[in-house]
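Only this structure's heavy atoms are used, side chains among them; waters, hydrogens and symmetry mates stay out. Predicted, not measured: the structure shown is a model, and the values here were computed from it. As the structure lists them, so they are numbered: ligands from 1, and atoms in each ligand from 1.
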Amino acid sequence: MQYVDSITGATYSLGEPRWRGDSGGHVNLGPAPGLKRGDIDGSVNSLWRYRKALLVDAGSAVTMGEGWTPLVRAAWDGITVDLKLDFMMPTGSFKDRGMTVMVSYLKSRGVTEVLEDSSGNAGASLSAYCARAGMRCRVLVPESASYPKIAQIAACGADVVTIRGSRQDVADAALAMSRKIFYASHNWQPFFGEGTKTLAYELWEQLGFRTPDSVVMPVGYGANVLGCDRGFSELLRNREIQHMPRLYGVQAANCAPYFAAFRAGVEHFVPVPVSATVAEGIASSKPTRMREVLAPVRASGGEIVAVTEDEIVRALAGLAKRGFYVEPTSAAAAAGLSQLIARGAIRPGETTVLVLTGTGLKASESVGRLLGVGASTQ
Ligand SMILES: *Cc1c(COP(=O)(O)O)cnc(C)c1O
């Protein structure tokens, strides 16, 4: 296994940790062998039950019991859906799925200090896994990041720096610092995606070794789509499943570069106007892996959907009313699901998974404000 440069096709050894190729473009990992159902270690109640399929030595695993999250049936707009509760992770978001594998890889290669930029959850996850690994960590966040996320990052020991401007300004500031500290950006370093592929494995195992018909998930950079593509493709190659699920990626209409490219029928970045969104976790105006996300979405028969701020808030309320207290970013996916059901793209009787990526507990101030809820006085 080697890194493959996305621009030149040059290959690089995994022995030398890197976050991009000599061309300046991102690097990907070549196809991995994956596993068959007999390879699952059922005695491990975390995503490391699939360690046979992960490209890191499980002996160097930096783990906090992440993954193997519940899959819970619920009614949504007249159909039955399976909610994947990926907000039930050690740090409260799906980012732990990728971070456990990426930090395990970096530690095994002797990296002792890392840099990351994040809207909040990735930084919180990296900070926690670095604490566990005994690595130093610096995280750049937008000034607008929610305070609970900043507190969480700092409490776990990372050096947190707020940057004025947009999410893209934060990424640019991190790039500028990357000469001095290893840039462990989960949006560049492909071992993050190696971890997120376990989403596909878990859905397959939890559904009784079957493929769902559809998976609906929020998309900023697109880690969940990339993970589903990689994981389900491995299962398909190993003849453990017969077909890929339809992959549906949901963006906030206020920040929707994937939606614009999907609509335009292209697989490269097209500039789009961007404005603020309550879905802070997907407010990514210039994603890294356009083609790698758009091609599998199209090939699967899925689509990229965009939802308005009002639709997000309505879905947030609907999830909370069912007991699922998530952050607005996660509710965006549920809003996308509502559109797909209304249009008949997703139908009753199918197996539909909705991925809920982040807990509401870090976003209570905005959730309370958006839903207009609070205590009454006697
Ligand atoms: C980071 C994040 C996302 C988006 O992940 P991408 O890889 O950027 O698509 C979705 N939901 C939550 C809660 C997140 O923290």
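Tyr183 and Trp19 have perpendicular rings, their planes meeting at more than 60° on a 0 to 90° scale where under 30° would count as parallel.
In terms of modelled atom types and a separation under 3.5 Å, the side chain of Glu113 and the main chain of Cys137 share no donor-acceptor contact.
Under a cut-off of 6.0 angstrom, the local environment of CZ in Arg263 is sparse, with at most 12 non-hydrogen atoms contributed by other residues, nucleotides or ligands. The environment of Arg51 atom CZ is sparse: at most 12 non-hydrogen atoms of other residues, nucleotides or ligands sit within 6.0 angstrom. Counting heavy atoms of neighbouring residues, nucleotides and ligands inside a 6.0 Å radius, atom CZ of Arg18 exceeds 12 of them.
Remark: aromatic rings of Phe191 and Tyr105 are close, center separation under 6.0 Å.
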One pair per line, please: each N/O atom of ligand 1 matched with every protein N/O atom under 3.5 Å away, atom names first, then the distance to 0.1 Å.
unit_1, atom_1, unit_2, atom_2, d
ligand 1, 7 (O), Gly222, N, 3.4
ligand 1, 7 (O), Ala223, N, 2.9
ligand 1, 8 (O), Tyr221, N, 2.7
ligand 1, 9 (O), Gly220, N, 2.7
ligand 1, 9 (O), Tyr221, N, 3.2
ligand 1, 9 (O), Gly222, N, 2.7
ligand 1, 11 (N), Thr357, OG1, 2.7
ligand 1, 15 (O), Lys95, NZ, 2.8
ligand 1, 15 (O), Asn121, ND2, 2.8

